[in-house]
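To keep things clear, I will list the structure first and then write my remarks on it.
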Amino acid sequence: MMYRYIAARFVTMIPLLFLASVGIFLMIHLVPGDPVVTVTGLDASPEQMARVRSELGFDEPLPVQYIVWLGHVLTGDLGTSIVSQSPTTSLIADRMPATIQLTLATMTIGLFAGIPLGLLAASREGSWLDKFVAGYTAVSLAVPTFWIGILFILFFGITLGWLPTASRYVPFWEDPFTAFQLTIGPAFTLGLFVSGIIARFVRASMVEVLGLDYIRTARAKGVSEWKLICKHAFRAASLPTLTVVGIQFGTFLGGALVTESVFNYPGIGRLILSSILQRDFVVVQGAVLVVVVIFSLVNLATDILYSLLNPRIRSN
Amino acid sequence: MTSPPHHLRPDTILATAPTPGFTALPNRRQRALQTTKALRLWLRSERAAACSIVYLLGLGAVAIAASRVAPFDPLEQDLTQILKGPSRSHLFGTDELGRDLMSRVIHGSRISLATAAIAVTVAGAVGALCGLVAGYVEGTVGAVIMRLMDFLLAVPGILLAITIAAVLGAGFGPATIAVTIVSIPAFARLARASVLSTKEEDFVQSTRCAGAGHLYLMFRTIFPNALSPLIVQASVAAANAILLEAALSFLGLGTQPPDASWGSLLSTGKSYLNQSAWYSVLPGIVLTATVLAIDILGRALQRRWGAGNVDAASGRAG
């Protein structure tokens with residue numbers, strides 16, 4: 001039963017990814033302006049431009065170009081960067097570890113701050129604590145990430161001088177202290193936002209669950225308030241939160257374009273952004289496709305996990 | 001579409017059937033009075049929302065009258081007053097060319113509010129129409145529309161907006177188009193969901209039996225019931241649009257110099273963090289306050305109407 005559900009979900013993903021590949025391809029290729037000029041420069045001779053055009057396969061009709069591209073993609077070849085001449089797959093593979101590290105750090109901060117805040121607010125519904133958490137979530141969701149990033153740099157980087165100004169990726173297991181210094185800025189910036197979303201969702205579903213009959217029964221049987229909230233209620237209330245966590249996780253794994261650029265963090269987001277700005281459409285096309293695949297896979301994994309934990313979904 | 005005279009409209013026929021204890025319907029003036037009274041009571045219980053409305057109205061007025069309200073010309077340079085902090089003559093301080101920052105923030109509010117207004121109006125209309133049709137017709141047409149929306153949702157919002165804006169060539173126009181396209185699918189999904197849930201209701205069926213056509217059913221019978229979640233979504237979309245425009249301008253893909261938008265001010269301010277901290281702090285406060293005000297208003301509307309399924313802010317950070 002479960003396997004069939006997973007298989008069915010995988011099958012529905014295929015047309016969506018196909019559609020996404022068409023969409024990304026068209027978005028890049030229907031651009032006004034000639035990408036060949038980006039490669040050759042404005043003062044190239046017509047022969048030179050024709051040569052580059054056929055090298056890039058641009059002299060073929062669009063459907064043919066698409067099929068050729070898709071064929072390469074399916075065999076794991078995302079093309080060669082126009083700017084750096086290195087394969088797109090290796091560019092992405094170089095940046096991926098940094099983005100994964102940032103995403104894990106972000107989600108850790110978000111979960112460790114968001115869940116307790118949500119639980120506290122729900123357990124004291126209507127109190128000043130609840131109002132404080134409501135204010136915290138409202139502000140954390142309204143603040144633009146790039147501004148929080150700037151404030152973070154201003155305070156910890158310039159005023160206190162605690163953060164290194166250089167930008168590079170250091171794996172956490174090799175040098176935890178430097179890795180922490182380099183990752184904490186963007187991770188805090190994004191984590192603040194995630195904690196706000198999580199706190200809001202945890203509070204909402206906890207308030208709902210705490211009003212249910214089985215909680216009243218448990219309370220009447222003398223279960224301590226602490227155990228009631230953490231064990232009885234939170235287990236049921238964590239399900240809707242899972243979806244939100246999954247969406248955020250998938251989004252950040254695809255690279256946090258703005259935050260990474262504020263902190264000069266060498267992740268996949270900055271790769272995409274710099275490729276877009278340099279009009280390196282081969283890399284943009286490949287990297288965006290990879291991001292979409294990751295995003296869809298994480299969403300799928302979330303759905304499957306959700307149905308594993310909540311058998312009611314599976315049956316219908 | 002020309003509608004039949006009021007007394008012949010299907011829902012009028014149904015609504016005017018005499019009921020026990022029937023009292024005369026209030027006339028227009030009484031209805032207006034009732035509405036104002038309800039609004040006043042609501043705002044009294046939602047203090048934060050009332051403050052937000054005042055702030056947003058003020059901001060809107062400032063944006064409209066920007067050239068009159070701004071103390072200086074936003075492009076006027078004064079190279080003797082570079083990167084100064086707030087003072088009596090320059091309340092927000094000055095930028096790297098000695099231009100008055102407050103005037104630049106005031107003129108920047110036009111860009112943020114215009115983007116939000118255009119994005120919400122166009123995306124709301126297009127999205128609601130797509131959702132309405134997709135929900136009402138289902139079948140192939142509905143499937144095609146929703147697959148298109150699925151594609152737009154399959155790419156993270158910020159990435160999609162950046163790609164579109166870059167492809168169209170940076171500037172106010174491209175940024176606004178990008179923000180608008182990104183805002184469409186949320187409206188479409190919401191409209192479709194509320195159509196699907198009301199379509200089989202008795203009042204729709206009976207209006208159909210009374211002889212209403214498809215267009216009448218779609219726009220006059222079903223659509224009004226989908227309206228309140230869409231209005232809440234409009235507030236979410238407006239806040240998202242302002243944030244997205246600011247992000248695009250921050251990355252250099254939105255409003256181009258010498259004009260300033262809140263995002264581009266923050267971006268230049270970041271280069272001068274060592275010399276003038278105020279430069280990047282003050283525009284950020286205005287930007288955050290605006291988004292916060294719209295969010296608070298939206299949440300208050302959501303509480304009022306119980307529109308629960310509106311996607312809050314999950315796509316904002318990136």
Side-chain angles (χ1 to χ4, degrees), chain A residues 15-17 19-20 22-24 27-28 30-33 106 138-139 141-151 153-154 157-159 189-190 192-194 196-197 200-201 244 247-248 250-252 254-262 269 272-273 276-277 279 284 288 291-292 295-296 299, chain B residues 48 147-148 150-170 239 242-244 246-248 250-253 262-263 266-267 269-270 273-274 277 279-281 283-285 287-296 299 308 311-318:
Chain A
L16 181 67
L17 288 180
L19 200 78
V22 176
I24 293 165
M27 206 155 69
I28 306 288
L30 294 181
V31 190
T106 300
V139 173
L141 297 183
V143 168
T145 44
F146 52 90
W147 188 51
I148 284 296
I150 291 175
L151 293 184
I153 293 172
L154 183 65
I158 292 174
T159 312
T189 304
L190 295 170
L192 180 75
F193 172 82
V194 177
I197 281 206
R200 181 173 280 180
F201 266 82
V244 196
I247 291 176
Q248 295 304 324
T251 312
F252 295 144
L257 278 82
V258 185
T259 310
E260 284 181 10
S261 88
V262 172
I272 295 180
L273 188 67
I276 288 178
L277 296 178
R279 306 218 158 257
V284 176
V288 173
V291 167
V292 171
F295 190 55
S296 311
N299 282 354
Chain B
R147 286 301 83 76
L148 194 66
D150 283 346
F151 160 64
L152 290 177
L153 286 171
V155 188
I158 291 185
L159 177 56
L160 186 63
I162 289 175
T163 316
I164 297 173
V167 158
L168 295 176
I242 289 178
L243 280 173
L244 206 50
L248 289 175
F250 181 81
L251 297 173
L253 292 167
W262 294 342
L266 287 174
S267 162
K270 187 181 170 250
L273 271 183
N274 279 316
Y279 193 166
S280 36
V281 171
I285 292 177
L287 172 57
T288 308
T290 308
V291 176
L292 193 60
I294 300 176
D295 274 354
I296 289 172
R299 302 261 311 162
D311 181 21
S314 50
R316 273 183 189 174

Q: Considering only heavy atoms and a distance below 4.5 Å, find which of B:Ala247, B:Gly169, B:Ala170 pairs most often with chain A.
A: B:Ala247

Q: With a 4.5 Å cut-off on heavy-atom pairs, point out which of B:Ile296, B:Thr290, B:Thr288 contacts chain A the most.
A: B:Thr288

(Q) Nearest 0.5 angstrom please: B:Ile162 CD1 to A:Ile272 CD1, how far? (A) 9.0 Å

Q. Quick one: of B:Gly263, B:Ala239, B:Ala246, who has the most non-hydrogen atom pairs under 4.5 Å with chain A?
A. B:Ala246

Q. Given a strict heavy-atom distance threshold of 4.5 Å, which part of B:Ile294 is in contact with chain A: side chain, backbone, both, or neither?
A. neither

(Q) Donor-acceptor pair, distance only, cut-off 3.5 Å: does the side chain of B:Lys270 make one with the backbone of A:Ile150? (A) no

Q) Is any side-chain heavy atom of B:Val155 less than 4.5 Å from a side-chain heavy atom of A:Val291? A) no

Q) Looking at A:Leu257, A:Val22, A:Val139, A:Leu151, which has the largest count of heavy-atom pairs under 4.5 Å with chain B? A) A:Leu257

Q. Can any side-chain N or O of A:Trp147 pair as donor or acceptor with the backbone N or O of B:Ser280 at less than 3.5 Å?
A. yes

Q. Any side-chain heavy atom of A:Leu154 sitting closer than 4.5 Å to one from B:Val281?
A. yes

Q.
How close do B:Phe250 and A:Val258 get, counting heavy atoms only, and between which atoms?
A. CD2-CG1, 4.3 Å

Q. Which bit of B:Leu153 is near chain A, if near means a heavy-atom gap under 4.5 Å: side chain, backbone, both or neither?
A. backbone

Q: Look up atom CD1 in A:Ile276 and atom CG in B:Leu251, then write down how far apart they are to the nearest 0.5 Å.
A: 9.5 Å

Q) Quick one: what part of A:Leu277 sits under 4.5 Å from any heavy atom of chain B, side chain, backbone, both or neither? A) side chain

Q. So which of B:Leu159, B:Asp150, B:Leu148 has the biggest tally of heavy-atom pairs under 4.5 Å with chain A?
A. B:Leu159

Q: Please look at A:Ile158 and chain B and tell me whether the side chain, the backbone, both or neither of the residue comes under 4.5 angstrom of a heavy atom of that chain.
A: side chain

Q.
Please give me the minimum heavy-atom distance between B:Leu243 and A:Leu141, naming the atom from each residue.
A. CD1-O, 4.4 Å

Q) B:Ile285 versus chain A, heavy atoms under 4.5 Å apart: side chain, backbone, both or neither? A) both

Q: Indicate the atoms forming the closest heavy-atom contact of A:Phe146 with B:Leu287, along with that distance.
A: CZ-CD2, 4.2 Å

(Q) Could you check whether any side-chain heavy atom of A:Pro144 comes within less than 4.5 Å of a side-chain heavy atom of B:Val291, counting everything from C-beta outward? (A) no

(Q) Between A:Leu273 and chain B, with a heavy-atom cut-off of 4.5 Å, which part of the residue counts as in contact: side chain, backbone, both or neither? (A) side chain

Q) In terms of heavy-atom proximity below 4.5 Å to chain A, should B:Leu253 be classed as side chain, backbone, both, or neither? A) side chain

